[in-house]
Amino acid sequence: MNVAILGCGGMGRLHAQMAVNCGQKVSVCADTVRPAAIRLAKEFGARAVNDPESAIMAKDVDIVVITTPTTTHEVLVTTAAAAGKHIFCEKPFARTSAQCKRAIAAARKGGVNLFVGHVVRYFQEFEALRAQVQGGIIGEPGWAKLYRGGIYPGAPGSWFRDYDQSGGVTLDCMIHDLDWLRYVFGEPERIYCQALMRTAPTQMDYSQVTMRMKSGLIATVIGTWAHPSGFKVKVEICGESGMLQFDSTDAPFRAEARQTAAGPTMIVPSNPVSVSPYQLEWQDFIDWIEGKSLPRVTARDALRAVEMAEAALKSVAKRQPVTL
Amino acid sequence: MIKIGIMSFAHMHANSYAACLKSLPDASLAAIWDDNPKRGKAMARTFGAPFIADQGTFLRGDMDGVIITSENVKHRAMVEAAAAAGKWILCEKPLAPGVQDAKAIVAACKKARVGLGTAFPCRYALPLMEAKAQLDSGAFGAVYAVACTNHGQAPGGWFADEALSGGGATMDHTVHVADLLRWMLGKEFTSVYCELGNQLHRKTLKTDDLGSLNLEMEGGIQVSHLASWSRPKTFPTWGDVTLEIICEGGVINVDAFNQKLTCFDDNAKRVGWVPWGDNPDLGLIQDFVNAVRDRRDPAVTGVDGLCATEVTEAAYKAFRTGKVVKL
Ligand SMILES: NC(=O)c1ccc[n+]([C@@H]2O[C@H](COP(=O)([O-])OP(=O)(O)OC[C@H]3O[C@@H](n4cnc5c(N)ncnc54)[C@H](O)[C@@H]3O)[C@@H](O)[C@H]2O)c1
């Protein structure tokens, strides 16, 4: 199948590679910033366009990948759905739940497969955690603590730095954990959230959530875009007969380059896996299009995740818990 | 020589305080009283101090101050008796299970003109003192948010009997951090939200075993605090006190008891952490001894204990009502 990449930033490049890894071809790269489109198109032997709509409409496009800023997702999904193209949309599905609902309706009407990239469901460490929880080793789980984040993403002026567009760390980053919690532990009951969402003197966001699930499980979730550097993930799940912990800083591979005249010290921790979780989600998406299986994450799941993040942000504004 | 007595060994911290008294050159463990005579006698033997069975006789004894380490609900009566006898008092945390008792405790000591301290040894933990020093230096600028934990293993016994403790893990493990933040930031708490759970030890405990709290302090500082008895029996140590402090100038992380060795013990079939470094209890007890000598309040006062108890009481109320409670 032929793939169009809409939005040739960090995620656009990654998904172009994943599409290729899964045996697909990138035919068009679209970005409102022309050099970005040209750069990526060159890398993947595709043609570059400015206008995402022309990429969607192109005859040699079967799959549309939406890796643009979150506020643009709805229009691009509905346009692609109307054109009968399958859709891979990055999370967050959209900026609001109302936008998500309209996008789902459009995909249903267009009869296309709409996949939203909640990639954490495909991360090997998270799958291992889920397997341990479901295997019952820690007994009935009662408490899940998740922590994710690091440095504020995006350069000055980037859409990430406009809370109206990105929703801050709560909607853009913590949404991974909100989705995973619902995936593993079922529906949420109520949520309370505090978030900094600061812009000056230093732009930073730090979001602290306490959430009660319908099962009775309590989830405590922290998302940070308040650190001076780095990115890390920590998980702890407590049950009646034990506890599971994961800490990404406790990495199996670490390299530290010596500082030289040519450049600064560089520290690269990594968790190597033979197939990246991004490729696993792509394979799932392709298998679904080919009618082989249903995907691990549905558009409705992605809508629910946005609803949870929205409830969290509503709680920030109201300074009271919000029932879902 | 400052003579200190200990009232009740119900709380295991009494053992550490007794050992501290023995090790200080200017203090002595004068006598032990306990409403459980068997326990009291055993401890008297262990620490080489006389056991006095009658509380009145004990309090009339030749002693300058007392450390009260009973079950939480008994603090008030013991403080009132000791204050009436003119003794300086160091009371185990929480000062009381509820605000009403805590206020009565503070009032009784004020009326009797005796010094009252609350046992918050974390204030003497060097990693936490380092964090305060860094914040006070201004190098990190304004504080915007803090994420805290005080986890532990399930203590069982009276701790999990609400009639004696007043509450579970949230009662046990909120006040240390509440006090630390008031001290470090010089600000008071303004609101509390809380979810309580009892799902980790449902089969053996009746009280809550975990609390997930969201609090606010003056100036809009956003705080989360996790109070729990969530560490499994196989966990390598008793628990933790941790803080992540988000500041204008960067982030400070403290893991207060992370000065440790890892020990793989084949005989015990267990991996354990062996602590090293300074003992915060020693600083607490030395300050109490100094306070007795100087006829002043200990550095961590009864009012500090009362303020921390206000936070705990608000947390339970927030959970009962499902709403944010203003302080
Ligand atoms: N799953 C993950 O791990 C993960 C990680 C980061 C970002 N994301 C998500 O991916 C999406 C993109 O993030 P990113 O980090 O790649 O952002 P980015 O800013 O690096 O890239 C976005 C690109 O889209 C272009 N663009 C903006 N509006 C456009 C439009 N209407 N049509 C075409 N191009 C347009 C921009 O010029 C830019 O090149 C966001 O929704 C983000 O939340 C997901």
Side-chain angles (χ1 to χ4, degrees), chain A residues 138-145 147 149-151 189-198 200-202 204-213 215-230 234 236-245 315-316 318-323, chain B residues 140-142 144-149 151 153-154 169 190-205 208-216 220-226 228-235 244-251 253 318-319 321-326:
Chain A
I138 62 164
E140 184 67 25
W143 194 14
K145 293 162 57 184
Y147 180 106
I151 194 172
E189 170 79 33
R190 58 178 177 266
I191 191 163
Y192 184 80
C193 179
Q194 298 171 288
L196 289 180
M197 300 177 95
R198 295 182 64 86
T202 304
M204 67 174 89
D205 196 7
Y206 193 77
S207 179
Q208 309 190 78
V209 159
T210 294
M211 180 165 58
R212 172 76 71 168
M213 309 305 272
S215 70
L217 178 128
I218 295 172
T220 306
V221 198
I222 292 179
T224 173
W225 281 353
H227 279 65
S229 69
K234 287 188 284 184
E236 182 177 292
I237 300 167
C238 303
E240 281 181 310
S241 57
M243 174 169 84
L244 292 160
Q245 289 184 329
S315 165
V316 173
K318 280 191 11 177
R319 295 159 156 249
Q320 285 292 348
V322 170
T323 300
Chain B
F140 282 78
Y144 300 133
V146 193
C148 317
T149 68
H151 297 308
Q153 292 171 312
T190 53
S191 78
V192 186
Y193 177 74
C194 174
E195 287 280 5
L196 294 181
N198 71 333
Q199 45 259 49
L200 303 180
H201 305 283
R202 204 187 319 252
K203 291 181 190 122
T204 47
L205 299 186
D208 58 294
D209 51 29
L210 77 94
S212 183
L213 285 66
N214 292 78
L215 314 101
E216 211 169 290
I221 299 174
Q222 300 174 359
V223 177
S224 71
H225 173 60
L226 309 180
S228 86
W229 291 335
S230 62
R231 301 301 93 168
K233 292 191 207 65
T234 46
F235 199 69
E244 173 161 288
I245 310 170
I246 307 297
C247 315
E248 175 60 35
V251 178
N253 280 91
F319 175 64
T321 58
K323 292 224 159 63
V324 172
V325 172
K326 295 247 183 295

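Every chain is numbered from 1 and lettered A, B, ... according to where its sequence line falls, protein lines coming before strand lines. Just so you know, these numbers come straight off a predicted model, no measurement behind them.
Without hydrogens or angle criteria, B:Gln199 side chain to A:Trp143 main chain gives no donor-acceptor distance under 3.5 Å. Proximity of a side-chain donor or acceptor of A:Gln320 to a complementary backbone N or O of B:Lys323 within less than 3.5 Å is not detected. B:Glu195 contributes no side-chain N or O that, together with a main-chain N or O of A:Ile218, makes up a donor-acceptor pair within less than 3.5 Å.
Residue A:Arg319 touches chain B through both its backbone and its side chain, counting heavy-atom pairs closer than 4.5 Å. Using a 4.5 Å cut-off between heavy atoms, B:Ser224 touches chain A through backbone and side chain atoms alike. Heavy atoms of A:Gln245 lying under 4.5 Å from chain B belong exclusively to its side chain. Using a 4.5 Å cut-off between heavy atoms, B:Val325 makes no contact with chain A at all. With a 4.5 angstrom heavy-atom cutoff, B:Leu200 touches chain A via backbone and side-chain atoms both. Looking at A:Met243, both its backbone and its side chain come within 4.5 Å of chain B, counting heavy atoms on both sides.
Most heavy-atom pairs under 4.5 Å with chain B: of the set A:His227, A:Arg198, A:Met204, this distinction falls to A:Arg198. Among A:Glu236, A:Met211, A:Glu140, the residue making the largest number of heavy-atom pairs under 4.5 Å with chain B is A:Glu236.
Side-chain contact of A:Gln194 with B:Tyr193: a donor-acceptor pair under 3.5 Å is absent, judged by distance alone.
Annotation: side chain of A:Cys238 is not in contact with side chain of B:Leu210 (no heavy-atom distance under 4.5 Å).
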